[in-house]
Every structure is written in C-alpha cells, then in structure tokens.
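These notes are about the structure you will find just below.
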Amino acid sequence: MTEQRRGTPDFLLLLLTFLLVGFGLVMVFSASSVTALAKEKFGNDPLYFVKKQAIFAVAGTVGMFFLMNIPYRRLKPLLRPGFMVVLVMLVLVPFIGFEVNGARSWFNLPGGMGSLQPSEFAKVGVILYLSLLITKKGERFRDLKNGLLPAVIIVGIVAGLIMLQPDFGSTMILVLAASLVIVVGGANLKHIFLAVGSITVIAAIFLAGYLISADSLGYRMDRIACYLDPWFDQQSSCYQLVQSLYAFGHGELTGAGFGQSIQKMHYLPEAHNDFIFAIIGEEFGFIGTVLFLLLYLAFLWRGFIVALRCTDLFGSLAGTGIVGLIAIQALVNMGGVTGTIPMTGVTLPFISAGGSSLSVTMASIGILLSISRDITKPDRAEKPEKRTGFARDRNDWSKRA
C-alpha cells in the first residue's frame with residue numbers, strides 16, 4: 001500500500017468559499033431581478049443576470065478544483081508566459097475593448113457569453129509573478145537595486161497600463177496587494193515607502209497625458225467632492241452614493257426582508273454590481289450585515305492561516321497575496337458604498353455580478369487550496385526555506401493559531 005503523497009485540502013476554506021459564492025448568487029438575483037424584468041434588452045427575464053453569474057460560478061468552480069488538484073509548484077514555469085499574455089491584453093484593451101462608465105476595460109467574448117476584464121487577471125498574475133521573483137532572489141531581495149527595484153518596475157508598469165483604461169480602483173488594489181507581498185517577502189522596511197512612491201510615480205507618468213485632455217477629469221474630481229460632502233449634488237454627481245446611504249438607512253436594525261429592497265427598483269444604479277453591499281444592508285439590516293461580514297472575516301482568517309502555515313516561501317507569499325487581494329478589494333468596495341472612502345467602482349469579491357471577477361477569484365482560491373494540501377501531506381518535511389524580515393518568523397505564531 002503506497003503512502004499518500006498529497007494532503008487534503010482545507011475543507012473549512014472550501015466551505016466558506018461556497019457559502020460566499022452561493023450567497024452572492026442569491027443577492028445578484030435579488031438585486032437585479034427588477035431591472036432585468038423591466039428592460040427588453042435583458043429579455044424581460046428576471047433571471048438574466050443570475051444565470052450569467054451562475055455560468056461563471058460553474059466555470060470558476062471547475063478552475064478551482066482543477067488548480068486545487070495540481071501541486072502549486074508546477075505553476076512556476078507558466079507564470080512568466082502567463083504574465084506576458086496579461087501584459088498584451090492590458091496593452092490592447094484601451095484600443096479594442098469596449099467602454100462602460102467611462103472606462104475601456106473589457107473585451108467582448110464570442111457567442112454572447114459576456115465580457116472579459118484583463119485587469120482581474122493582471123492583479124492575480126502580478127501577485128504570483130512577484131512571489132516567484134522574491135523566492136528566486138532570496139536574500140538579494142533586501143538589496144534595493146537588484147532586489148526591490150525590479151519588483152517595483154513590474155508593478156509600476158502594470159499599474160500604469162490599468163490606469164490608461166482608466167481604472168483607478170483596480171490600480172489602487174493592485175498596488176496595495178503588491179506592497180503586502182513585498183513587505184511579507186522580507187523587503188527592507190526603509191525601502192518600502194520608496195517602492196510605493198516609485199510605483200505611484202510610474203503610474204502617474206502613464207496617466208498624465210491622458211488626464212490632461214480627458215473629459216473624465218471633472219468626473220473624478222466630482223467623486224472626491226461627493227466623498228467630502230455627499231449631499232452637495234444629490235441629483236447628479238453624488239446620486240449613487242446618496243441612494244446607497246438611503247438603502248442602509250432603510251435597512252435599519254433587522255432589514256426590510258429578502259427581496260424587499262426599494263432602492264433596487266431603479267433608484268440605485270448598478271445595484272447588482274458595485275453597490276450590492278448596499279442592497280445587503282437594506283434587506284438584512286445591521287444584524288444581517290454584521291453576520292455577512294463575520295462570514296467574510298472567517299474566510300479571510302482561514303485563508304491567511306493557510307498561507308502563513310506554508311513552509312515554502314513561494315506558496316506562503318502567493319497565498320498571502322491572494323487573500324490580501326480579496327481583502328483589500330472588499331474593503332475598497334465597502335468603503336466606497338458606505339462613503340468611507342471615495343467611490344472607485346470595484347466589485348465585491350464573490351458577491352457582485354461580474355464574470356471575470358468571480359471566475360478569477362475562485363480559480364485563485366484553487367491555488368490557495370493546493371497550498372493547503374501541501375501543508376497537510378503526511379510526508380511533509382518540516383524544513384522551512386531560509387527567509388528574511390517578517391517572512392522569516394511568521395510560522396511560529398501561525399502554528400499556534
């Protein structure tokens with residue numbers, strides 16, 4: 001009888017993932033059914049958006065199980081060509097992509113299957129490529145010129161290309177998640193501010209020429225003004241944020257009840273997409289929203305535990321980056337919807353309608369589950385790689401978690 005070579009996946013993480021995806025499908029139906037039923041372009045079908053979301057959920061599930069059953073180390077040779085493909089897509093999308101809400105960020109898929117957003121692939125691609133780069137450099141990563149600078153240039157180029165669309169929200173999420181990987185990877189802390197500043201400068205150079213002549217500049221300034229005072233232009237610039245705040249107010253403590261949202265009835269644009277968190281607040285109230293946030297926090301906690309328990313540096317960095325990416329995007333979405341930060345137009349992972357976001361996020365969880373299988377394999381050697389900085393000592397406390 002041969003010894004089992006691979007461990008079991010983290011079933012709690014898998015369960016929490018399916019709970020979030022399932023809840024997302026339910027909320028997409030609730031938030032979109034009225035709009036889809038009323039508009040002929042959606043076939044007057046109340047299930048129009050949830051059926052599309054379900055297709056991508058199935059595709060994401062297939063991708064998740066596929067990657068879960070592949071040792072994550074085997075992905076290393078594919079990361080460089082995959083990263084190049086992502087760069088090509090980012091270069092092409094401003095020219096041949098289609099525009100939504102002032103951003104040319106999507107490719108149409110053939111056969112009416114929906115759309116593809118390259119920036120979703122770029123965020124995960126950069127995280128994985130950075131993890132590989134840091135692993136290969138080892139101690140040299142603490143050197144500014146030969147270690148940190150190449151990583152900064154990579155992130156800066158991708159951030160600049162995303163800003164050309166323009167998509168400030170995705171750019172901010174990418175920079176923050178990449179900075180997390182760089183810090184955990186053992187970069188010299190005194191270089192971190194320099195790295196973040198350099199990425200910002202590179203992205204600004206890419207965007208400067210566009211913004212000088214762009215009609216959207218005033219639109220971006222209006223978003224900042226609405227963040228400072230949502231009530232100064234309730235019928236125009238701040239309309240979405242005001243309607244979102246009304247939704248939370250209507251939900252009160254216990255909520256209006258599932259399917260009983262008023263704001264989704266043509267008051268709140270993008271109710272099934274960027275502003276689905278407001279519909280959750282309206283239909284389930286403060287108590288339901290807190291329970292939802294606890295579910296989200298449990299998922300993030302479990303994901304970070306898996307990443308931190310991995311003794312392989314590449315797996316640990318990749319896992320930390322994937323979970324950090326989801327956490328940061330969730331915070332940015334919720335912050336914009338509640339007026340805590342300026343609106344950026346990003347989706348809520350697992351919950352918002354958006355095929356690229358859902359399928360890519362689920363596939364990335366497959367990588368995280370593959371990492372968890374490596375942790376639990378019976379013949380796992382307890383010999384961690386040599387690490388630097390924060391990456392050197394984190395396994396001590398993660399084993400106690």
Side-chain angles (χ1 to χ4, degrees), residues 79 83 86-87 90 119-163 167-207 300 303-304 307-308 310 313-336 340-342 344 346 349 360-361 364 367-368 387-394:
L79 293 182
F83 183 71
V86 168
L87 284 180
L90 290 177
S119 61
E120 294 294 334
F121 295 87
K123 287 183 286 190
V124 177
V126 167
I127 293 302
L128 295 177
Y129 191 65
L130 271 183
S131 301
L132 179 62
L133 179 69
I134 294 171
T135 302
K136 286 184 174 181
K137 287 188 176 294
E139 289 288 343
R140 290 182 297 132
F141 186 64
R142 292 182 62 82
D143 180 69
L144 177 60
K145 182 179 179 180
N146 298 315
L148 185 59
L149 187 58
V152 171
I153 293 174
I154 289 170
V155 178
I157 291 174
V158 176
L161 290 173
I162 296 176
M163 285 291 278
D167 186 351
F168 177 75
S170 293
T171 304
M172 179 172 63
I173 293 166
L174 170 66
V175 171
L176 291 175
S179 299
L180 174 64
V181 173
I182 288 172
V183 172
V184 176
N188 194 322
L189 291 180
K190 69 181 181 181
H191 296 154
I192 296 301
F193 288 110
L194 177 62
V196 174
S198 299
I199 293 172
T200 304
V201 170
I202 293 172
I205 292 174
F206 272 84
L207 188 65
L300 296 174
F304 276 124
L308 295 174
C310 182
L313 181 57
F314 171 71
S316 188
L317 291 176
T320 301
I322 288 170
V323 181
L325 190 64
I326 295 171
I328 292 167
Q329 181 157 332
L331 287 173
V332 170
N333 173 273
M334 295 177 188
T340 308
I341 63 174
T344 54
V346 298
V360 171
T361 303
S364 67
I367 299 174
L368 193 61
R387 308 182 182 197
T388 60
F390 179 68
R392 181 180 53 207
D393 303 314
R394 62 182 181 273

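Taking CG of L313 as the start and OG of S131 as the end, the distance is 8.0 Å to the nearest 0.5 Å. The line from OG1 of T171 to CD1 of I162 is 5.0 Å long, rounded to the nearest 0.5 Å. How far CD1 of I182 is from CD1 of I134: 6.0 Å, rounded to the nearest 0.5 Å. Between atom CZ of residue F304 and atom OG of residue S316 there is a gap of 10.5 Å, rounded to the nearest 0.5 Å. Here CD1 of I157 is found 7.5 Å from CG of L87. Values are rounded to the nearest 0.5 Å. With rounding to the nearest 0.5 angstrom, the CG atom of L133 is 10.0 Å from the CZ atom of F83.
Side chains of M334 and Q329 form no contact here, defined as non-hydrogen atoms less than 4.5 Å apart.
For the pair L128 and L79, the tightest heavy-atom approach, listed with the atom from each and the gap, is O-CD1, 3.6 Å. Of all heavy-atom pairs spanning I322 and I127, the tightest one is N-CG2, 4.0 Å. Counting all heavy atoms, side chain and backbone alike, L174 lies closest to A122 at CD1-O, 4.5 Å. The two atoms that bring I328 and A177 nearest to each other are CD1-N, 3.6 Å, heavy atoms only.
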Could you go through the side chain to side chain contact (heavy atoms under 4.5 Å, CB included) check for I173 and V346 one step at a time?
CA-CA 9 Å; I173 293 166; V346 298; 3.8 Å; yes
Could you walk me through whether M172 and M163 satisfy the side chain to side chain contact (heavy atoms under 4.5 Å, CB included) test, starting with their C-alpha distance in whole Å, then the side-chain angles of each, then the deciding distance to 0.1 Å, before giving a yes or no?
CA-CA 9 Å; M172 179 172 63; M163 285 291 278; over 6 Å; no
Derivation and outcome, side chain to side chain contact (heavy atoms under 4.5 Å, CB included), residues L132 and K136
CA-CA 6 Å; L132 179 62; K136 286 184 174 181; 3.8 Å; yes
Go through the steps for T320 and V181 under the test side chain to side chain contact (heavy atoms under 4.5 Å, CB included), then give the verdict.
CA-CA 7 Å; T320 301; V181 173; 5.8 Å; no
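The closest donor-acceptor contact from the side chain of T361 to the backbone of P349 lies at 3.5 Å or more, if one exists at all. At distances below 3.5 Å, not a single donor-acceptor pair connects side-chain atoms of S170 with backbone N or O atoms of D167.
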